[in-house]
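Heads up: the structure comes next, in structure tokens.
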Amino acid sequence: MAATSLSPLLSPTTQNQPKPNPKHPSRSGSFRLCKNMKEVKQLHAQITKKGLSNSHNTGISKVISSSADIATPESLEYAKKAYELYENDVTSTVSLYMLHSLIKGYSASGFVDEAILLYAQMFRKGLTPNQHTFQFLLNGCAKEALFLEGIQLHGSVLKLGLGGDRFIQNCLIQFYADCGEIGFGKKVFDEMSERDVGSWTCLICGCARRDRPEEAVFLFFEMVEAGIKPNSVTMVSAISACAKLRDLDLGERVSAYMSETGLTVNTFVVNALIDMYTKCGAQGRAKQLFKECVDKNMEEVKQFHAQIPRKGLNHTRPTAITKLISSCAKIATPESLEYAKKAYELYEDDVSSSVSLYMLNTLIKGYSAAGLVDAAILIYAQMVGKGLTPDHYTFQFVLNGCANAAFFREGIQLHGSILKLGLGGDLFIQNCLVYFYAQCREIDFGKKVFKEMSERDVGSWTCLICGCARRDRPEEAVSLFLEMVEAGIKPTSVTMVCAVSACAKLRDLDLGERVSAYISKTGLTVNTFLVNALIDVYRKYGASDRAKLLFEECVDKNMEEVKQFDAQITRKGLNHTCPTAITKIISLCAEIATPESLEYAKKTYELYEYDVSSSVSLYMLNSLIKGYSAAALVDSAIMIYAQMVGKGITPDDCTFQFILNCCAKAAFFREGIQLHGSILKLGLGGDLFIQNCLVHFYAECGEIDFGRKVFEKMSERDVVSWTCLIHGCARRDRPEEAVSLFFEMVEAGIKPDSAAMVGAIVACAKLRDLDLGERVIAYIREAGLTTDTFVGNALVDMYMTCGATDSAWEFFNKMPETDVVTWSTMIKGLVHGRLFEDAIELFRVMQNEGVKANKETMTIIASACGYLGDLDLAKWILHYIENQGIQRDLKLDRALAGMFHSCGDTESAMLVFGNINNVDVSSWTREMEILNEIPRRSIDQDDTSSKC
């Protein structure tokens, strides 16, 4: 109460307040409560009137400090002027606190250059910086990613003899981690004589955020072994790292540690756990945890609400109701939002109540997060109606909601409101607008906002680049990326992935190489997503050799890192005392999944296992099974599974996922059946994740009836359950069932993904039922489902198979993105329709478009050429295959031999056969037919010459 009544803006009366002591202005209530520039100016006027500016520097220090805390351009300018006026007074002594306040304000606002200038002044005035000086400066450099400036500050720290100060060391680790320079951060960390929870957390968070999740988890367990108790921030980072690794067992170990030590589980930790379970495929656990938390949180909210009226706080203390609304909005379920709305309405109806901007912002955020954009917009309208001025958080929440729901018209109106309020130049809001327009596919509107920006950060560029890359404007995406680089803005890994994806769509190898060269030159961190994007570029160009080379380079680099890490462990003697180190080696090798890496992993595991004191973990064995499964070494995976059971370790859903997928690929039906029995014995038969794996396994093995039996017993089904069975039926000559299941799925309210759509369309193609195919297409269009290249390829194939060539052409010409499969499917359809010349012509267009053919395309083209009997074309096709480096297999060689034979060039046909290493019976039969044709052709030629 007292704190509220002190503010001159909230209450004009001061009769019940204690009188401030004029001798100690720093203790005056007004000195502590300058919340805005109006109050700062009033305070400054009082100081000047009382003549305190020269006689007591505390007053001016407070003016500077309050202005710096507000941290707006206006307040910082005011603080700077106040400081300069004071500094120019000969009798004044500038204090370290005064300069600290200014440095803190400039750093917080992103004006790091100004902060560094003040730091330089500090030296000129003979003032010695302390740990707070470096804290503010390093935090500012970290936010703006000013790596060079931070390095220089590190040098100053060492020169001043502060290199051993734990507080500064933590700030340095945080700085290096935020700049993505984990190696530098680790060096500071390793040199620390003493570490606290902050030291470990800074490095763990940095590794987790910078695509080094293995190190983050490894550090977490090292921290625990060192006896340091993690906080909630550490836990969130460790769990997020497990989510990135898609390692449920490791995540469970981290979670178990929380339970054992009784750590407080807050909303952030719960959200991280739910995210981890979802990414690891344990949707059932994620759903259960979410429901438990929602129920628990709602119960706490209701208890808190019940206390408010009892204490009579609802009218006299608005923060209580604000907290209630905020808690409900964070839960963001229909029930919690309804509760929040009712609490707000009851509070609003009270005449004496004053609704705050924060209260309404919280409601808008909750509704937007839950996808209830209409409700969010209504709250926004109420805000305006009450005369409250929206701020940049208001527009962030509501614009993000509109972006996710593609509410374009509403977003346009919000943009108008932003301009009217004079917030059109706010960088934060401008970024939100660019993102909104990009999400709504209105790139031109986004570009207009972008061009009008006086200042742009990496977020501004990334939003527009990603929008262009995703919305079929790859040329613009690449052009923007190059502009961004020229402007001196360092891209993030997200920017790079979008730029590389755009190059893949353009099929411009030179451009892709330029982007790749930039990555190498600038030393950007190359994560898995970026490597995959680069490999995809090379694959789409048809440059499979380069894709393979890049993959091998990554494998070699990763194996080198593994061996270095292993050497460090051995040197430190950690192999017996720190099982997480060995687990990490095995995990990394299994991820690489080459024969060499798996052999290395196996040897490491066996050495560890032979040690009597060692304890083999489920995660360790799961990693090995996963690696062997990825490399299709099913026998080895099953052997490890048998060892697991022999050691008395209980397999989990990840174990069965890896091994069942492996059995599915190799069609190991008997082994899969035995695994199914083990699942039932362990009581895991009702786990949705495992049931999906079983349906997939039976479908892959062609045992649809077994798959259906599992499917029908499921108490709950998700999109994966339906898709596995639909695909199985479509591939295993049961197309009627596949289509029937697709429509059952739709009726059950499950939204199909692209894989389910492809399965249904393929089934329609097998049935050659165009009407049924049109029904599937109509549903896709009505539901507004996104059709990707895979769905487009399936549709082209269906039209061609059903003889609807005109429809196929129409759809093909409208496809926003095509790949070599699309073109090959269309050419194949034309050949099957005996439109051989059209097929050859389309192949030429494909070459002009820069799409490189593969061996499947060339097999079809060779077949078409054979029907046409054009020998010149046949020779050109063989030359093209050799020139483009297309790898020939038996199928292609047979097609080429047949092509030359049909064109009357039996010699070339025999030469093709001569190059085949592994010839099957049908190929030999074809060769005998060609050999039998040679004497007949010679006789025909002799007869012709004698007649002449």
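Worth saying up front: this structure is predicted, and the values here are computed from it rather than measured.
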Considering non-hydrogen atoms only, spot the tightest contact between [X] and [Y] and give its length.
{"X": "Ser721", "Y": "Asp718", "result": "OG-OD1, 2.8 Å"}
{"X": "Ile750", "Y": "Val719", "result": "CG2-CA, 3.8 Å"}
{"X": "Ala794", "Y": "Val758", "result": "CB-CG1, 4.2 Å"}

Q: Assert yes or no for the condition that the ring centre distance of Phe697 to His676 is strictly below 6.0 Å.
A: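 Distance test on ring centres: not under 6.0 Å, no.
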Q. With ring centroids as reference points, do Tyr799 and Trp809 lie under 6.0 angstrom apart?
A.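 Between Trp809 and Tyr799, which both carry aromatic rings, the centre distance is not below 6.0 Å.
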Less than 4.5 Å apart, any side-chain heavy atom of [X] and any of [Y]?
{"X": "Cys402", "Y": "Phe436", "answer": "yes"}
{"X": "Met798", "Y": "Leu770", "answer": "yes"}
{"X": "Thr650", "Y": "Leu618", "answer": "no"}
{"X": "Leu675", "Y": "Tyr641", "answer": "yes"}
{"X": "Gln657", "Y": "Ile690", "answer": "no"}
{"X": "Ile726", "Y": "Met745", "answer": "yes"}

Under 3.5 Å, is there a donor-acceptor pair between the side chain of [X] and the main chain of [Y]?
{"X": "His696", "Y": "Ala664", "result": "no"}
{"X": "Arg732", "Y": "Ile704", "result": "no"}
{"X": "Ser501", "Y": "Val497", "result": "yes"}
{"X": "Ser629", "Y": "Phe658", "result": "yes"}
{"X": "Arg717", "Y": "Phe711", "result": "yes"}
{"X": "Thr801", "Y": "Asp797", "result": "yes"}
{"X": "Arg731", "Y": "Gly759", "result": "no"}

Kindly check if the number of other-residue, nucleotide or ligand heavy atoms within 6.0 Å of [atom1] ([X]) is above 12?
{"X": "Phe669", "atom1": "CZ", "value": "yes"}
{"X": "Lys244", "atom1": "NZ", "value": "yes"}
{"X": "Phe743", "atom1": "CZ", "value": "yes"}

How long is the gap from [atom1] on [X] to [atom2] on [Y], to the nearest 0.5 Å?
{"X": "Ser715", "Y": "Gln691", "atom1": "OG", "atom2": "CD", "answer": "6.0 Å"}
{"X": "Arg734", "Y": "Ser740", "atom1": "CZ", "atom2": "OG", "answer": "11.5 Å"}
{"X": "Tyr698", "Y": "Asp705", "atom1": "OH", "atom2": "CG", "answer": "12.0 Å"}
{"X": "Met800", "Y": "Ile827", "atom1": "CE", "atom2": "CD1", "answer": "10.0 Å"}
{"X": "Thr822", "Y": "Asn793", "atom1": "OG1", "atom2": "CG", "answer": "3.5 Å"}
{"X": "Ile625", "Y": "Met620", "atom1": "CD1", "atom2": "CE", "answer": "13.0 Å"}

Q: Apply ring pair (Phe, Tyr, Trp, His ring centres under 6.0 Å) to the pair Trp823 and Phe812, showing each step before the final yes or no.
A: CA-CA 9 Å; Trp823 290 87; Phe812 175 77; 5.0 Å; yes
Q | Between Asn622 and Thr655, a side-chain donor and acceptor under 3.5 Å | A |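 The criterion, which ignores hydrogens and geometry beyond distance, is satisfied for Thr655 and Asn622.
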Q. Name the one of Val820, Thr859, Ile886, Leu892 that satisfies side-chain contact (heavy atoms from CB on, under 4.5 Å) with Asn854?
A.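 Single pass found, and it is Val820.
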Q. Pick from Val776, Thr723, Ile761: which one makes a side-chain contact (heavy atoms from CB on, under 4.5 Å) with Phe742?
A.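 Of Val776, Thr723, Ile761, side-chain contact (heavy atoms from CB on, under 4.5 Å) with Phe742 is met by Val776 alone.
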